[in-house]
Amino acid sequence: MSKLADHLINMKKLISFCEEKYGRKPGSVQLLAASKRQPLHKIKEVHMAGQMAFGENYLQEALVKMAQLAPLRLEWHFIGAIQTNKTGKIAEHFAWVHGVDSKKIAKRLNDCRPSRLPPLNICIEVNVSDEANKAGVPVSEVIELAEYCQTLPALKLRGLMAIPLQTEHVGQQRTAFKQLSQLFQTMNQQGFGMDTLSMGMTDDFEAAIAEGSTLLRIGTGIFGNRL
Ligand SMILES: *Cc1c(COP(=O)(O)O)cnc(C)c1O
């Protein structure tokens, strides 16, 4: 078996183990392979081991990979910071966008989504760590943005996403994830019908699963170090 296939299988085993450990339903935590700054041959290798969903952060890099790998029919997720002038290409080429953080970006993605494609799946990025200069909308503004997104026919609001401040302290990791998870539950009780809680990376996935993540975005834990 290839080395990366081994990493992928190992990661999936860890996910199953954590699902069981934290009383999560088996198979309830999905895996997105974060392939930014990873070469094509590695993406192919991970795909060969069964992975279909890949996350990219940089539009130009992603477009090159998509063109090269088009026959594989991978599912591409945009997980990077969204610049306004990139929304057209993002809406045309991706199946999912995880970092929607303003009405302006949402509207542009909606308006640029080609009508031949199904609605673009989106997650709203929430700033759970509350730093002044960090991406994501403040918790207090999430519901208003979510309501707005639901009025846009070419978008499908699937859930919430966060990248909390990095810390090795598991308790702090869980506190941030719990905040997002509670917001997610509260909003679903209000009828938002979201199914995706996009949280957890290589260094904090266990805490994320413990707090209810349904989608981990794992890069180095599968591919090794980035270029
Ligand atoms: C790079 C990246 C990841 C993956 O990070 P790793 O620590 O390599 O697992 C996940 N989410 C986002 C938004 C990223 O930019």
May I ask you to check if K42 and F223 form a cation-pi contact, with NZ or CZ under 6.0 angstrom from the six-membered ring centre and within 45° of the axis?
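So K42 doesn't make the cation-pi contact.
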For R158 and I122, run side chain to side chain contact (heavy atoms under 4.5 Å, CB included): C-alpha distance rounded to whole Å, both residues' side-chain angles, the deciding distance at 0.1 Å, then the answer.
CA-CA 6 Å; R158 297 293 296 269; I122 61 155; over 6 Å; no
With a 6.0 Å cut-off (strictly less than), is the heavy-atom count around CD of Q166, excluding the residue itself, greater than 12?
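No, because the 6.0 Å sphere around CD of Q166 holds 12 heavy atoms or fewer from other groups.
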Is there side-chain contact between [X] and [Y], with heavy atoms separated by less than 4.5 Å?
{"X": "R226", "Y": "K36", "value": "yes"}
{"X": "E75", "Y": "L32", "value": "no"}
{"X": "E19", "Y": "S28", "value": "yes"}
{"X": "V170", "Y": "E206", "value": "no"}
{"X": "L31", "Y": "I222", "value": "yes"}
{"X": "L145", "Y": "S102", "value": "no"}
{"X": "Q173", "Y": "P164", "value": "no"}
{"X": "L180", "Y": "F184", "value": "no"}

Please say yes or no: joined through hydrophobic side-chain contacts below 4.5 Å, possibly via intermediate residues, are [X] and [Y] part of one cluster?
{"X": "M161", "Y": "M201", "value": "yes"}
{"X": "M199", "Y": "L14", "value": "yes"}
{"X": "I79", "Y": "F94", "value": "no"}
{"X": "M52", "Y": "W96", "value": "no"}
{"X": "V100", "Y": "L160", "value": "yes"}

One pair to check against side chain to side chain donor-acceptor pair (under 3.5 Å): K86 and Q83. What are the steps and the verdict?
CA-CA 5 Å; K86 303 277 170 69; Q83 291 163 277; 3.1 Å; yes
How far apart are the C-alpha atoms of V139 and N127, what are their side-chain angles, what is the distance that settles it, and do they pass the side chain to side chain contact (heavy atoms under 4.5 Å, CB included) test?
CA-CA 7 Å; V139 172; N127 182 348; over 6 Å; no
Intermediate values then yes/no, salt bridge (charged side-chain N to carboxylate O under 4.0 Å, His left out), E144 and K103
CA-CA 9 Å; E144 190 187 337; K103 287 186 184 174; 2.8 Å; yes
Can V29 and R24 be said to form a side chain to side chain contact (heavy atoms under 4.5 Å, CB included), step by step?
CA-CA 8 Å; V29 182; R24 304 285 312 278; 3.9 Å; yes
Looking at [X] and [Y], what are the two nearest heavy atoms and their distance?
{"X": "G136", "Y": "D101", "result": "N-OD2, 3.8 Å"}
{"X": "L69", "Y": "L74", "result": "CD1-CD1, 4.0 Å"}
{"X": "S35", "Y": "F54", "result": "OG-CB, 3.7 Å"}
{"X": "S198", "Y": "H98", "result": "OG-ND1, 2.9 Å"}
{"X": "R217", "Y": "A162", "result": "NH2-O, 3.4 Å"}
{"X": "T151", "Y": "P153", "result": "O-CD, 3.4 Å"}

Closer than 3.5 angstrom, by distance alone: can the side chain of H47 be matched with the main-chain N or O of I43 as a donor-acceptor pair?
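Judged by distance alone, no pair lies under 3.5 Å.
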Under the 3.5 angstrom rule, does the side chain of R37 hit a backbone N or O of E61 as a donor-acceptor pair?
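No: the side chain of R37 does not pair with the backbone of E61.
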Point-to-point distance, once rounded to the nearest 0.5 Å, from CE of M66 to CG of L59
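Taking CE in M66 and CG in L59, the distance rounds to 8.0 Å.
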Taking it one step at a time, do E211 and Y22 satisfy side chain to side chain donor-acceptor pair (under 3.5 Å)?
CA-CA 8 Å; E211 296 299 342; Y22 297 101; over 6 Å; no
As a quick check of understanding, evaluate side chain to side chain contact (heavy atoms under 4.5 Å, CB included) for Q30 and T214, giving each step before the final call.
CA-CA 6 Å; Q30 302 291 304; T214 71; 5.8 Å; no
